[in-house]
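Here is the structure we will look at, set down as structure tokens.
Quick note: numbers below take in every heavy atom, side chains included, and nothing from hydrogens, waters or symmetry partners.
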Amino acid sequence: MTINKLPSIFKQLRPVSIGFDNIFDHFERMFDDNDEFFRTPMASFPFYNIVKTGDTTYDIELALAGYSKDEVSVEYADNLLRITSKKSDPLDTLDNGETKKGTIHQGIAKRYFSKVFTIADDVEIKGAKLKDGLLKISLNKILPEGKKPRTIEVK
């Protein structure tokens, strides 16, 4: 099945699905020919894991060796979780490209990055912690009372 045929699947599912409009809209925009999603290469840096830690809990782990918590920004708005690096201090590099503090070779990159994740409406972000070069963002899927299994009495 080609990518261009996928939106028609969402159109077929709409009449038999209730409350999924925002999800269908999101994927239709993603698969739209005008969207850059499939034409833009995905940035591999920084490397990351998405780990299911429980029935309703998840962690996003990003490998950020050499970054301090002051050099990383984690923001959430409009169902998008955006993790970016803040610009490094220009005083760390001399005019000739060499680094200060006696560095002979700099193999650990401290480059600018931006990573964006789409977060569902029923998922809340519990917090973020940077420890031992690993940024861990904890998420929790909220199960409202109306979604919990129950028997409905017929009157």
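Criterion: ILVMFWY side-chain heavy atoms under 4.5 Å apart, direct or through other members. Under it, Y48 and L134 are not part of a common hydrophobic cluster. Connection of I50 to V72 is established within a shared hydrophobic cluster, with ILVMFWY side chains joined at heavy-atom distances below 4.5 Å, either directly or through further cluster members. There is no path of hydrophobic side-chain contacts, each under 4.5 Å, that joins L80 to I142.
Residues Y58 and T53 have side chains not in contact (no heavy-atom distance under 4.5 Å, counting atoms from C-beta outward). Here the side chains of D70 and K86 are not in contact, with every heavy-atom distance at 4.5 Å or above. Counting heavy atoms from C-beta on, the side chains of V74 and L135 come closer than 4.5 Å. Using a 4.5 Å heavy-atom cutoff, the side chains of P46 and K115 are in contact.
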| query | Should D59 and S138 be marked as a side-chain hydrogen bond (donor to acceptor under 3.5 Å, both in side chains) after you check the CA-CA gap, both sets of side-chain angles, and the distance that decides it? | reply | CA-CA 5 Å; D59 285 339; S138 300; 3.2 Å; yes
| query | Does the pair F113 and Y67 meet the rule for a ring pair (Phe, Tyr, Trp, His ring centres under 6.0 Å), with working shown? | reply | CA-CA 11 Å; F113 69 85; Y67 288 86; 5.5 Å; yes
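Here the straight-line distance linking atom CD of E61 with atom CG of N49 works out to 5.0 Å at 0.5 Å rounding. Residue I83 holds its CD1 atom at 3.5 Å from CD1 of I137, rounded to the nearest 0.5 Å. Rounding to the nearest 0.5 Å places CD1 of I125 at 4.5 Å from CG of L81. Note that NZ of K69 and NZ of K131 are 13.0 Å apart. Values are rounded to the nearest 0.5 Å. Taking CZ of R150 as the start and CD1 of I152 as the end, the distance is 5.0 Å to the nearest 0.5 Å. For the atom pair CG (D132) and CG (L64), the distance works out to 12.5 Å, reported to the nearest 0.5 Å.
Here the closest non-hydrogen pair linking G66 and E71 is O-OE1, 3.7 Å. N79 and A120 get closest at one heavy-atom pair: ND2-C, 3.7 Å.
Salt-bridge formation is detected for the pair E124/K126: a Lys NZ or Arg NE/NH1/NH2 atom is positioned less than 4.0 Å from an Asp or Glu carboxylate oxygen.
A cation-pi arrangement, defined by a distance under 6.0 Å to the six-membered ring centre and an angle within 45 degrees of its axis, is absent between R82 and Y76.
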